[in-house]
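Counting starts at 1 for both ligands and their atoms, following the listed order.
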Amino acid sequence: MAQAIGVDIGGTGIKAGIVNLEHGTLDSDRIRVPTPVGASPQDVLDAVKQVLDTLGVSESRLPLGVAFPAIVKYGRTLSAANISKEWIGFEAEKFFEDGLGREIHFVNDADAAGVAEVRHGAARDSRGLTIITTLGTGIGSAFLYDEVLLPNTELGHLDRNGESIERWCAYSAMEREELTWEEWSARLQVFYRHVEFLFSPDLFVVGGGVSKHPEKFLPLLDIKTPIVAAVHRNSSGIIGAASLAAD
Ligand code: BGC
């Protein structure tokens, strides 16, 4: 049975699991530890070691994919919105490979989630442009055209009054400002309308933890493009990273 390990490093939690590559499901429990405060490279590496240990795969030779909440180009992290600024221009893939003593595949977290949803989830068999957005600490995005990933799109950093729009309408904004579902949806509406106008997608898929409750906000959005919840919700990053590592 083909398997790979996926680790999803988020602004709030670090999650991992063993992925069944045929079905795009988890063959293990989903392990989670909180992201260390400040999210410096060494602290994040230690937390990743801890989840791999708990999962019992520290010595495993299965392919290992690691998803990360920043722009990732040729293994380097080029941005740091909700993590330590030390990650900017950092040789992150090499740092994890040296620290873990093995090869990994390193990818942006939303791009990983998008790959999972296109291969095994809500965007399976989709044609044209699918835009996956993850609503969590920040807003991540992935563009898939006829199932091919166009990496590092970063829609959460569209401008709103001189700030990244994710500050205003990520799920964390709803929690921080104690918004009602209606108030938060009104902000999402501005975001999705704008993205819809810019890119004319064929499908939106919404991921992140909040996609557990799609009925609370998706029906409140008035856009032309079909919009559906991610099938793998909080496990999309794990599944996509593992899936890419096995390619
Ligand atoms: C980061 C993205 C990431 C997203 C979701 C944003 O702040 O810039 O790279 O995908 O958060 O974690």
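- A chain of hydrophobic side-chain contacts below 4.5 Å, direct or via other Ile, Leu, Val, Met, Phe, Trp or Tyr residues, connects Y171 to V206.
- The contact set between ligand 1 and A81, taken as ligand atoms under 4.0 Å from a residue heavy atom, comprises 7 (O).
- Only the backbone of I139 comes within 4.0 Å of ligand 1, counting heavy atoms alone; no side-chain atom from C-beta on gets that close.
- Taking the six-membered ring for Trp and thresholds of 30 and 60 degrees, W87 and F96 have nearly parallel ring planes, at less than 30 degrees apart.
- Protein heavy atom in closest approach to atom 5 (C) of ligand 1: D109 OD2, 3.4 Å.
- Remark: of the listed residues T35, N82, T12, T12 is the sole one forming a side-chain hydrogen bond (donor to acceptor under 3.5 Å, both in side chains) with T137.
- Close approach of ligand 1 to E154 (heavy-atom distance below 4.0 Å) involves ligand atoms 1 (C), 2 (C), 8 (O), 9 (O).
- At a 3.5 angstrom cut-off on N or O pairs, T134 does not count as close to ligand 1.
- Heavy-atom contacts of N82 reach the following atoms of ligand 1: 7 (O) (cutoff under 4.0 Å).
- Side-chain contact of Q50 with D46: a donor-acceptor pair under 3.5 Å is absent, judged by distance alone.
- S236 and E117 share a donor-acceptor pair across their side chains, judged by distance under 3.5 Å alone.
- Every atom of ligand 1 is numbered from 1 in the order shown, and the set under 4.0 Å from a heavy atom of G140 is 4 (C), 5 (C), 10 (O).
- The contact set between ligand 1 and H157, taken as ligand atoms under 4.0 Å from a residue heavy atom, comprises 1 (C), 6 (C), 7 (O), 8 (O).
- Atoms of ligand 1 lying under 4.0 Å from any heavy atom of A70, numbered from 1 in the order shown and given with element: 9 (O).
- When only modelled atom types and interatomic distance are considered, D53 and S58 share a side-chain donor-acceptor pair under 3.5 Å.
- When the side chains of ILVMFWY residues are joined at heavy-atom separations under 4.5 Å, either directly or via intervening members, L64 and L26 end up in two distinct hydrophobic clusters.
- Nearest protein neighbour of atom 6 (C) of ligand 1, counting heavy atoms only, is E166 OE1, 3.3 Å.
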